[in-house]
Participant: 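Submitted below is the structure of interest, expressed as structure tokens.
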Amino acid sequence: AKLREFDGLSNIQDDLPFGQQQYIFRMNPTGEALGLTTSSVGQQIRAGFDGQLLQVFHEGQDEVEVRIMLPDEERDRQESLQSFPVVTPQGAVVPLSNVIDLESRRGLELLRHTDGRLGIHVTADVDPTRTNANQVTAQLEESFLPDLVQQFGINYSLKGKAEEQRDTAADMQIGALVGITLMYLVLTWVFGSYSWPLAVMAAIPFGLTGAIFGHWLLGLDLTILSLFGFFGLSGIVVNDSIILVTFYQELRRQGQSRHSALVDAACLRLRAVLLTSLTTIAGLLPLLFETSLQAQFLIPMAVSISFGLAFATLLVLLVIPVLLSLIEGAAERLKAVAPDTAETGRTRA
């Protein structure tokens, strides 16, 4: 009933297989005062309508059960429940209607279990043009489901795509940590420095910012494939930074000053950086404007790479030189401080 309030949901159903009408009984204050319990009354009702086994004997090759129960004409009449005699712990006999309250309710044909516990599955189809599963589950978890738990004492879990997203997100977090660590180690080995890789990898957050902006601009939701695009984007934007940093280091080895090397590296490598990014973006443009159903699943990944790369390219040419200048400035200050410290130590000695 709650899911029907959401726009964009259809085929809402559960897997409860309802069966025939049943009577549900509860002990009333009179029955409790007489010392009766639900279990004891249920045993007596079962004995009267289903029979009480007295003995089993063999007659030839057959095994015969002897049961005592009410006659068929009484067992098939609803009025028999009202006058059914119940024996109290004190030995008194009272009518069933005096000690219980009956409630008619449609029963279940069978009981389903999930992970060993009694459960029910509620499912619905989502129209992605009007809403998405994450928004629906977020609203349910915000208000409705906690109230349901508090009122009825049940437990719930979100399955289907929500469960897949949780598992995939957990795996991707580990993968991202491993990937960034390996990338840093490789760059550290290539540059022979612990600080230069940080300048190169600084382009990754810029690319992710552009990818998120691209999804917002096109009105797309972040999906699992969008996250896959983030991984591919991280490797591509690092290439632009490597081009710039490597050329800057080469200019510094030739004897150019820090400021001059930064300006020349940004200007001379502009074409290489732009070509690296533009060729990738141009290759993804046909996919961005594809209208076929098969392409709709890949468009979020293409948006992540293309917009993220375009955004990161501009920031790489502006921010990376600033970071390189800060790293070089810090290194020069450390070198200037080290001789002064050594000289002071020799003077004191």
Side-chain angles (χ1 to χ4, degrees), residues 168-169 171-215 222-253 258 261-285 287-288 298 300-331:
T168 304
D171 295 338
M172 293 184 74
Q173 288 178 359
I174 299 175
L177 182 61
V178 173
I180 291 176
T181 302
L182 293 177
M183 189 181 300
Y184 177 78
L185 293 176
V186 171
L187 293 174
T188 301
W189 172 64
V190 171
F191 290 117
S193 170
Y194 293 107
S195 57
W196 288 104
L198 297 178
V200 173
M201 297 175 64
I204 295 178
F206 303 148
L208 299 184
T209 303
I212 296 174
F213 173 77
H215 281 77
L222 289 173
T223 64
I224 295 298
L225 288 176
S226 300
L227 300 181
F228 288 149
F230 288 173
F231 279 93
L233 174 66
S234 300
I236 298 173
V237 298
V238 165
N239 292 338
D240 292 341
S241 299
I242 291 176
I243 293 173
L244 191 63
V245 173
T246 303
F247 196 74
Y248 169 76
Q249 288 182 321
E250 181 65 26
L251 294 177
R252 289 287 285 167
R253 282 193 291 267
R258 182 184 5 144
L262 288 173
V263 174
D264 289 347
C267 294
L268 297 176
R269 293 290 88 188
L270 174 63
R271 182 179 180 183
V273 171
L274 289 180
L275 285 177
T276 302
S277 302
L278 292 178
T279 51
T280 305
I281 296 173
L284 293 172
L285 281 179
L287 181 58
L288 288 177
L298 297 176
M301 183 172 63
V303 170
S304 295
I305 296 177
S306 57
F307 278 87
L309 191 55
F311 205 74
T313 301
L314 298 176
L315 291 177
V316 161
L317 296 172
L318 296 175
V319 178
I320 298 302
V322 175
L323 294 178
L324 294 177
S325 178
L326 293 176
I327 292 174
E328 286 280 80

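Just the heavy atoms: all of them, side chains too, but no hydrogens, waters or symmetry mates, feed the values below. Computed from a prediction, not measured in an experiment: that's the story for all the values here.
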Participant: Please report the shortest heavy-atom distance between Ala211 and Phe230, naming the atom on each side.
Facilitator: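 Shortest heavy-atom contact: CB-CE2, 3.3 Å.
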Participant: About how many Å separate CD1 of Ile305 and CG of Leu309, when rounded to the nearest 0.5 Å?
Facilitator: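 If I round to the nearest 0.5 Å, the distance is 8.5 Å.
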Participant: Work out which heavy atom in Leu251 is nearest to a heavy atom in Ala261; give both atom names and the distance.
Facilitator: CD1-O, 3.6 Å
Participant: I'd like a table of donor-acceptor pairs (distance under 3.5 Å, sequence neighbours excluded) in which one partner is a side-chain atom from residues 277-285, with atom names and distances.
Facilitator:
from: Ser277; atom 1: OG; to: Asp240; atom 2: OD2; distance (Å): 2.9
from: Ser277; atom 1: OG; to: Val273; atom 2: O; distance (Å): 3.2
from: Ser277; atom 1: OG; to: Thr313; atom 2: OG1; distance (Å): 2.5
from: Thr279; atom 1: OG1; to: Leu275; atom 2: O; distance (Å): 2.7
from: Thr279; atom 1: OG1; to: Thr276; atom 2: O; distance (Å): 3.3
from: Thr280; atom 1: OG1; to: Thr276; atom 2: O; distance (Å): 3.1

Participant: Heavy-atom count check: over 12 atoms from other residues, nucleotides or ligands less than 6.0 Å from Arg253 CZ?
Facilitator: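 Buried by this count: over 12 neighbours within 6.0 Å.
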Participant: Using residues 176-187 as the side-chain source, report each donor-acceptor pair under 3.5 Å to any protein atom, sequence neighbours left out, with the distance given to one decimal.
Facilitator:
from: Thr181; atom 1: OG1; to: Leu177; atom 2: O; distance (Å): 2.7
from: Tyr184; atom 1: OH; to: Tyr194; atom 2: O; distance (Å): 2.9

Participant: Which atom pair, heavy atoms only, marks the closest approach of Gly207 to Leu233?
Facilitator: O-CD2, 3.3 Å
Participant: So does Pro321 get a backbone contact from the side chain of Ser325, meaning a donor-acceptor N/O pair under 3.5 Å?
Facilitator: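 Here the side-chain-to-backbone pair does not exist.
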Participant: Go through the steps for His215 and Ser304 under the test side-chain contact (heavy atoms from CB on, under 4.5 Å), then give the verdict.
Facilitator: CA-CA 7 Å; His215 281 77; Ser304 295; 3.0 Å; yes
Participant: For a quick test of reading the model, state the closest non-hydrogen atom pair linking Ser234 to Ile204 and the distance between them.
Facilitator: OG-CG2, 3.6 Å
